[in-house]
Amino acid sequence: MDVQFLGGAGEIGRSAVLIDESLLLDFGMLTDSPPQFPVRTPSPDAVVVSHGHLDHVGTIPALVSGDARPPIHWTPPTYELAMTLARDTLKLHGGTVNCPFTETNVKRVTQVSETHGYRDSFEAAGYEVTFYNAGHIPGSAHVLVDDGDTRLLYTGDFHTDDQRLVSGTTARPDADAIICESTYSDVDHEPRDTVEERFVESVETTLWEGGTVVVPAFAIGRTQEMLLVCEAHDIPCYVDGMGKQVTEMLGQYPEFVRDADALQRAKSHARFVTGKDGQRKRITDQKAAIVTTSGMLSGGPAMTYIPEIRGNPMNKITMTGYQVEGTPGRDLLETGSAEIDGRIMPVSARVEQYDFSAHADRDGLLAYLDSYRDTPVLVNHGDRCEAFAATLREDGYDATAPELGATVALR
Ligand SMILES: [Zn+2]
């Protein structure tokens, strides 16, 4: 089995792993300006996708251009999320070099889509493939690829701890080689219940004092997690942005969330913002939490909310995820002001950060890999893949960090 890294090696974004020039795992997009895509577009016989985040599915429609019609295998939520993201990319970049596919390509994805549940083995390009729940977002999967001689486990993104939305991964299928993500290989997450406790106390205090809290959140996974937290603690909340339709969609796949009833309650508890008749400006003086995209303040309805609430120190902005350098969210945390909609805005409202991560941290990665002591590990999807591979080698593992474009022979 020859494995080539077309993206996501030594970096986060544009994940793409090609097996024997035949089976493609993920085909993502690195959001930057301009966006970046895998180093080349192959012509695979079949495609298998780990989960519905932009850095794993963002460039998928480009694989069904010309005469190419490879079947695309994924779980039902991953398919839905990929289509939502593709349509969003068309809206943002369609018709420019920053969008490597057309509306026709996106429609074609529907024709070649084949959905599968967890632990339901299927055939793709002559390989036996099985999905296992990866505990990252609904529908996320570890992908086991078996060619009859070699079993390759591609972890995709995963979490070992429970979140309210999804349970942590417990699957440890036998494998002869493993490609392991390493997003937080040098981070120790604060325990999730402590993070949640601090968040809830902070929001409740602000609402009690008469303020409003804007909760920037990624549309996929994080928005639903925050709605679940709000419902569990009876915090009045609104939801806005792409997270609304993702929440509606996930309601149709109860088997891919941890507690479908809780998600249903959270959906009923939250008020969905339509944005009609100046509703956004009107609700900024409500004593409520407003859960909205974008998670890093780089677009979405947050662009309306932040200017409205920023002047009052009684209000609060609570970041719920990692803020990439150069984003308005990061600038706001570090300097107290940010460029919102083209204008630099000082913010008097209080700004806080909470680590509601959906990835395993250092201890989580090590605990997971402890089940694969004698298995060669290829480290990818991280900013410090080589350093983590070195840590693993010191601990007795056969670990490497392939470079972008490199091919590794597994025998
Ligand atoms: Zn992800």
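Predicted, not measured: the structure shown is a model, and the values here were computed from it. Index from 1, following the sequence. Ligands are counted one by one from 1 in listed order, and the atoms in each one are counted from 1 as well.
Annotation: protein N, O or S atoms under 2.8 Å of the Zn ion (ligand 1) (waters excluded) comprise His51 NE2, His53 ND1, His136 NE2, Asp157 OD2.
Thr89 pairs by the side-chain contact (heavy atoms from CB on, under 4.5 Å) definition with Met29, Leu54, His93, Cys99, Phe101, not counting sequence neighbours.
Between Glu231 and Arg271, no side-chain nitrogen of the basic residue sits less than 4.0 Å from a carboxylate oxygen of the acidic one, so the salt-bridge criterion is not met. Look at Arg14 and Asp32 and you find no salt bridge, because none of the NZ, NE, NH1 or NH2 atoms lies under 4.0 Å from a carboxylate O. Under 4.0 Å is where a charged nitrogen must lie from a carboxylate oxygen, and between Glu196 and Arg164 at least one such pair does.
The shortest heavy-atom contact between Gly135 and Gln163 is O-NE2, 3.2 Å.
For the side chain to side chain contact (heavy atoms under 4.5 Å, CB included) test with Ile179, the passing option among Thr155, Val3, Val408 is Val3; the others fail.
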